[in-house]
Asker: 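Dumping the structure here so I can ask a few things about it.
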Amino acid sequence: MKTPNVKALAASAVLVSVTATSALAADITMNLGFGAPEESLYGRFGKIFEAKAEEYTGGSIDVKLRCCNQISSEDEAFKAMQLGTVDGFFITSNNVSPHWPLMDVTVLPYIFQSGKHLEDVVDGEVGDFMKAQLQTDTSVHLLSFGPALYRDFFNSVRPVNTMADMDGLKIRVPKNEVMLATFEAFGANPVPLAWSETPTALQTGTVDGGDNGTSFIRDMKFYEFEKHLVVLEHFVAMAPLFASDNFMKKLSDEQREQVLRAATDAGIEMRQQVSNETAEVRKWLVEEGGMAMTTPDKADFVEAGKKVQNEFAEKRGAQFQELVAKIQAAAN
């Protein structure tokens with residue numbers, strides 16, 4: 001009788017163990033979409049999240065970034081996540097509000113007094129409440145509020161030095177009640193348009209201008225046909241990362257914890273990267289992009305913005321009012 005080959009048996013045991021482990025590790029793909037180019041703010045945030053999610057889960061979750069509306073448009077993605085047909089998506093806060101009106105507390109004009117104020121809000125009690133309440137109300141998971149940039153205003157008609165210069169300008173505005181009311185308060189003529197329709201509308205002159213996070217003006221090459229850049233700092237543009245309940249239920253408890261940690265850490269890292277970029281991008285838009293920049297006295301704009309804050313706090317109900325009060329209190 002032959003003596004068993006101990007080395008061969010040991011090797012076989014290792015192979016069986018590795019195979020079993022691989023089979024037990026739920027290899028899951030997360031298709032993560034966004035509507036902007038791959039090198040945009042969303043794409044950069046996505047790459048950081050992808051690396052961390054795959055590292056933290058030991059490769060059991062494979063994040064696939066899908067830019068440029070490949071799997072959905074930003075305006076349709078939230079509903080798609082509710083239906084479970086999209087795993088995850090980056091959606092600008094103002095485009096969440098039609099599906100969950102409480103998100104508008106972060107959209108209100110001049111609601112955040114500084115970068116630290118915003119961080120204290122989204123990383124604190126208000127942010128935690130909003131994540132939990134969003135999931136309860138819609139089933140969608142808010143994994144990270146992500147980085148935030150001011151939205152800069154731009155137009156193709158004239159420089160804006162006072163609020164009176166806004167009079168009659170046709171301004172593309174997302175389909176968001178707060179933003180529409182804000183530009184009306186500024187004296188402009190807001191035109192609600194989906195993001196997917198916006199580049200063409202700006203390029204063809206269907207609208208005179210719009211506003212975006214400063215880096216998006218460069219990423220989307222709007223400087224090629226919008227020559228007037230106006231620093232109003234009226235809205236904060238956040239880039240939250242969302243995931244569907246259908247996707248999150250595929251994960252083990254450990255994987256879910258690792259994905260949430262990856263989203264949090266990616267948001268913090270991306271926030272650090274972009275914290276000093278606004279001034280640099282504005283400089284590039286002027287020096288390289290050929291835009292003319294104005295920095296109006298914001299007093300009249302801020303006053304108009306406060307009226308919009310009060311208007312929406314009054315009509316949106318007690319929960320909305322409480323969140324606005326908490327955000328205002330966090331500035332002190």
Side-chain angles (χ1 to χ4, degrees), residues 30-36 41-42 45-46 66 69-109 111 121-122 126-148 151 172-183 190-198 210-213 216 235-249 260 263 267 308-309 311-313 315-324 327:
M30 180 186 191
N31 286 294
L32 177 57
F34 48 100
L41 185 73
Y42 288 158
F45 186 12
R66 308 296 188 187
N69 298 318
Q70 288 179 43
I71 59 175
S72 180
S73 69
E74 183 163 320
D75 301 282
E76 300 295 330
F78 195 92
K79 190 66 177 177
M81 284 188 287
Q82 287 182 294
L83 295 172
T85 57
V86 165
D87 296 331
F89 216 90
F90 292 102
I91 305 177
T92 312
S93 298
N94 53 266
N95 286 330
V96 175
S97 304
H99 309 280
W100 193 62
L102 272 181
M103 186 62 79
D104 271 340
V105 296
T106 67
V107 181
L108 292 167
I111 190 69
V121 169
V122 299
V126 173
D128 290 343
F129 170 81
M130 292 180 71
K131 288 178 180 179
Q133 194 64 44
L134 174 75
Q135 186 183 347
T136 297
D137 292 346
T138 71
S139 82
V140 174
H141 297 250
L142 200 172
L143 304 185
S144 171
F145 281 96
R151 292 177 78 100
R172 177 269 168 177
V173 178
K175 295 178 180 179
N176 177 279
E177 290 183 9
V178 170
M179 301 178 90
L180 287 163
T182 298
F183 275 101
V191 179
L193 283 177
W195 172 248
S196 57
E197 302 172 51
T198 298
D211 71 335
N212 280 104
F216 269 71
F235 297 130
V236 167
M238 282 193 280
L241 168 56
F242 297 91
S244 71
D245 194 51
N246 183 56
F247 169 75
M248 296 299 284
K249 283 179 176 176
L260 289 169
V308 174
Q309 289 183 28
E311 173 192 342
F312 278 85
K315 74 179 186 179
R316 288 287 180 87
Q319 196 173 54
F320 193 94
Q321 292 172 18
E322 183 180 352
L323 281 177
V324 170
I327 291 173

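Along the sequence shown, the residues carry numbers beginning at 1.
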Asker: Would you say the side chain of Val107 lies within less than 4.5 Å of the side chain of Thr182, judging by non-hydrogen atoms?
Answerer: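 Not touching, per the 4.5 Å side-chain cut-off.
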Asker: What pairs of residues pass the salt bridge (charged side-chain N to carboxylate O under 4.0 Å, His left out) test when at least one of them lies in residues 92-102, not counting sequence neighbours?
Answerer: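 Listed by first then second residue: nothing to list.
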Asker: Given the rule in the side chain to side chain contact (heavy atoms under 4.5 Å, CB included) test, do Glu76 and Phe89 qualify, once you have shown the distances and angles that lead to the verdict?
Answerer: CA-CA 10 Å; Glu76 300 295 330; Phe89 216 90; over 6 Å; no
Asker: Could you check if a side-chain atom of Val122 sits within less than 4.5 angstrom of a side-chain atom of Met238, using non-hydrogen atoms only?
Answerer: yes
Asker: Taking all atoms of both residues into account, what is the closest heavy-atom pair of Gly267 and Phe45, and its distance?
Answerer: N-CE1, 3.5 Å
Asker: Just how far is it from atom CZ of Arg66 to atom CD1 of Ile71, taken to the nearest 0.5 Å?
Answerer: 7.5 Å
Asker: Could you pull out the closest heavy-atom pair between Ala239 and Leu41, with the gap in Å?
Answerer: CB-CD2, 4.4 Å
Asker: Donor-acceptor pairs under 3.5 angstrom involving side-chain atoms of residues 78-88: please list them, not counting sequence neighbours.
Answerer:
| from | atom 1 | to | atom 2 | distance (Å) |
| --- | --- | --- | --- | --- |
| Gln82 | NE2 | Thr138 | O | 3.2 |
| Thr85 | OG1 | Ala80 | O | 3.2 |
| Asp87 | OD2 | Asn31 | N | 2.9 |

Asker: Applying side chain to side chain contact (heavy atoms under 4.5 Å, CB included) to His99 and Val140, what does each step give before you reach the verdict?
Answerer: CA-CA 10 Å; His99 309 280; Val140 174; over 6 Å; no
Asker: Which distance, rounded to the nearest 0.5 Å, do you find between the CZ of Phe320 and the CG of Leu108?
Answerer: 4.5 Å
Asker: Is any side-chain heavy atom of Met130 less than 4.5 Å from a side-chain heavy atom of Trp100?
Answerer: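 Met130 reaches Trp100 side chain to side chain.
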Asker: Going through the checks in order, is the salt bridge (charged side-chain N to carboxylate O under 4.0 Å, His left out) test met by Asp75 and Lys175?
Answerer: CA-CA 9 Å; Asp75 301 282; Lys175 295 178 180 179; over 6 Å; no
Asker: Does Ala313 offer a backbone N or O that forms a donor-acceptor pair with the side chain of Gln321 under 3.5 Å?
Answerer: yes
Asker: Can you name the nearest heavy-atom pair linking Ala181 to Val308, along with the distance?
Answerer: O-CG2, 4.1 Å
Asker: Kindly compute the distance separating OH (Tyr42) from OG1 (Thr92), expressed to the nearest 0.5 Å.
Answerer: 2.5 Å
Asker: Side chain to side chain contact (heavy atoms under 4.5 Å, CB included) for Ser97 and Val178? Distances and angles first, verdict last.
Answerer: CA-CA 9 Å; Ser97 304; Val178 170; over 6 Å; no
Asker: Determine the minimum heavy-atom distance between Arg151 and Ala237, stating which atoms define it.
Answerer: CG-CB, 3.5 Å
Asker: Would you compute the distance between atom CG of Leu142 and atom OG of Ser93 and round it to the nearest 0.5 angstrom?
Answerer: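 Here the rounded value is 8.0 Å.
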Asker: Excluding sequence neighbours, so at least two apart, what forms side-chain hydrogen bond (donor to acceptor under 3.5 Å, both in side chains) with Asp245?
Answerer: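 With sequence neighbours excluded, Asp245 shows a side-chain hydrogen bond (donor to acceptor under 3.5 Å, both in side chains) to His141, Lys249, given in chain and number order.
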Asker: Checking Ile327 now: which residues fulfil side-chain contact (heavy atoms from CB on, under 4.5 Å) with it, not counting sequence neighbours?
Answerer: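 In terms of side-chain contact (heavy atoms from CB on, under 4.5 Å), with neighbours along the sequence ignored, Ile327 is linked to Val105, Ile111, Phe112, His117, Val121, Val126.
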Asker: Is there a side-chain contact between Pro109 and Phe235, using heavy atoms and a 4.5 Å cut-off?
Answerer: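 Side-chain contact under 4.5 Å: yes.
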Asker: Test of understanding: with side-chain hydrogen bond (donor to acceptor under 3.5 Å, both in side chains), list the residues that count as partners of Asn212, not counting sequence neighbours.
Answerer: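 Asn212: no side-chain hydrogen bond (donor to acceptor under 3.5 Å, both in side chains) contacts found.
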Asker: To the nearest 0.5 angstrom, please state how far the CE atom of Met103 sits from the CG atom of Leu323.
Answerer: 11.0 Å
Asker: Once side-chain hydrogen bond (donor to acceptor under 3.5 Å, both in side chains) is applied, do any residues pair with Asn69, and if so which ones, sequence neighbours excluded?
Answerer: none
Asker: Within the structure provided, determine whether Gln135 and Met248 are in side-chain contact (heavy-atom separation under 4.5 Å).
Answerer: no
Asker: Going by heavy atoms in the side chains, are Phe312 and Val324 under 4.5 Å from each other?
Answerer: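 Not touching, per the 4.5 Å side-chain cut-off.
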Asker: What distance do Thr198 atom OG1 and Phe216 atom CZ have between them, rounded to the nearest 0.5 Å?
Answerer: 12.0 Å
